[in-house]
Amino acid sequence: GQIARKFVGDKTDVIVAIATPSAQAAVAATKNIPVVFAAVTDPVAAKLVKELGAPSGTNVTGVSDRLPIAPQIDLLLKVKPGTKRVGYVYSPGEVNSVVVLKELKAELAKRGMTVVEAAAPRTVDIPSATKSLVGKVDVVYTSMDNNVVSAYEAMVRVAQEAKLPLVASDTESVSRGAVAALGMDSYQVGRQAGKLVDRVLKGEKPGAIASESAHKFSLAVNPGAAKKQGVPLSDALLKQAAEVVK
């Protein structure tokens, strides 16, 4: 909030806000300076725009990094065939994490699968929330929840001890110990947002530029983590991966 207010005071040409909390702070701080958000899962639920993919008519545009959920479930099933129960550790205070939970429930229900949720309101709650899923689920799915991402190593330790595979929604978590992720390419999301910033700087009104969904996905796998978490990866999956973490 303070940073956003400073930008407003400095009368910057455009504010680029990455992730939901900073985008909400920027939008709360100004109705005049253009705001371009990036890597926001659900800009509508976050009240940044009324509709994704349409011009906002306000001072806001940007790029959502919302992942279609069905391919994520396909990936879970490739990592752990026969999965019936999916664990989900999340922070109830994060709107994007709650949105993902709702989508997860709906998509799993279509396939006769269920979600077992473990709320972790603070970063320190992550290990115990993860432990609470041991024996109750086949695999744990992690979204771009800020608490989860900041305590990922703690989750990985629990996952290894319990032989409970972690499948992430962001490829960066794979290098930190998740088994696999079909994630947004954050670099590409940044480039996509950069193009919108460029249009604003060249004089287009942000309210006339439709917000966008990211359109580049990439599969990352971590065979070492997979072994430690009790799920050796199939050759087919390794062949599909854009990135294999050594």
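For the atom pair CG of Leu196 and OG1 of Thr61, the computed distance is 5.0 Å after rounding to the nearest 0.5 Å. To the nearest 0.5 Å, atoms CG (Leu76) and CD1 (Ile73) are separated by 5.0 Å. Put simply, NZ on Lys6 and OG1 on Thr12 are 9.5 Å apart, with the number rounded to the nearest 0.5 Å. In this structure, Ser213 OG and Leu52 CG are separated by 4.0 Å, a value rounded to the nearest 0.5 Å. The CG atom of Asp145 lies 11.0 Å from the OH atom of Tyr152; values are rounded to the nearest 0.5 Å. A distance of 9.0 Å separates CG of Asp125 from OG of Ser91, quoted to the nearest 0.5 Å.
Nearest heavy atoms, Val179 versus Pro165: CG2-CB, 4.1 Å. The minimum heavy-atom distance linking Ala120 with Asn147 is given by the pair O-ND2, 3.3 Å. Here the closest heavy-atom approach between residue Ala39 and residue Ile18 is recorded as CB-CG2, 4.3 Å. Across Val116 and Arg85, no two heavy atoms sit closer than the pair CG2-CB, 4.4 Å. Considering all non-hydrogen atoms of both residues, Val98 and Pro92 come closest at CG2-O, 3.5 Å.
Between Asp235 and Lys239, no side-chain nitrogen of the basic residue sits less than 4.0 Å from a carboxylate oxygen of the acidic one, so the salt-bridge criterion is not met. Using a 4.0 Å cut-off between charged side-chain N and carboxylate O, Lys131 and Glu161 make no salt bridge. Ionic pairing of Arg111 and Asp74 is present here: one or more N-O contacts between side-chain nitrogen and carboxylate oxygen are shorter than 4.0 angstrom. A salt bridge links Arg66 to Asp42: one of the charged nitrogens lies within less than 4.0 Å of a carboxylate oxygen.
For the pair Val8 and Ile15, the minimum side-chain heavy-atom distance is below 4.5 Å. A 4.5 Å side-chain heavy-atom check between Val148 and Met155 finds at least one atom pair inside the cut-off. For the pair Tyr141 and Ile69, the minimum side-chain heavy-atom distance is below 4.5 Å. At least one side-chain heavy atom of Leu182 sits under 4.5 Å from a side-chain heavy atom of Gln72. Counting heavy atoms from C-beta outward, Pro43 and Phe37 have side chains that approach closer than 4.5 Å. You'll find the side chain of Arg176 reaches within 4.5 Å of the side chain of Glu153, heavy atoms only. Residues Leu48 and Gln24 have side chains in contact (heavy-atom distance under 4.5 Å, counting atoms from C-beta outward). Side-chain contact between Leu237 and Leu219: present, with at least one pair of heavy atoms (C-beta onward) separated by less than 4.5 Å.
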### Task
Please report the C-alpha distance between Asn146 and Glu94 in whole Å, then the side-chain angles of each, then the deciding distance to 0.1 Å, and finally whether the side chain to side chain donor-acceptor pair (under 3.5 Å) criterion is met.
CA-CA 8 Å; Asn146 289 304; Glu94 278 192 49; 3.2 Å; yes
#### Entry: Derivation of the side chain to side chain donor-acceptor pair (under 3.5 Å) call for Ser186 and Glu172
CA-CA 9 Å; Ser186 300; Glu172 275 123 57; 3.2 Å; yes
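For the pair Ser169 (side chain) and Thr142 (backbone), a donor-acceptor distance under 3.5 Å is present. Proximity of a side-chain donor or acceptor of Lys31 to a complementary backbone N or O of Val27 within less than 3.5 Å is detected. At least one donor-acceptor pair closer than 3.5 Å links the side chain of Ser64 to the backbone N or O of Val40. Judged purely by atom type and a 3.5 angstrom limit, Lys163 uses its side chain to pair as donor or acceptor with the backbone of Lys228. Here the side chain of Asn59 pairs no donor or acceptor atom with the backbone of Val35 at under 3.5 angstrom.
The stretch residues 72-102 participates, sequence neighbours left out, in these ring-ring contact (aromatic ring centres under 6.0 Å, His included) pairs: Tyr88-Tyr90.
Applying the side-chain contact (heavy atoms from CB on, under 4.5 Å) test to Gln192 and every residue at least two apart in sequence or in another chain returns Val63, Glu212, Ala214, His215. Take Ser175 and apply the side-chain contact (heavy atoms from CB on, under 4.5 Å) test, not counting sequence neighbours, and it matches Val245.
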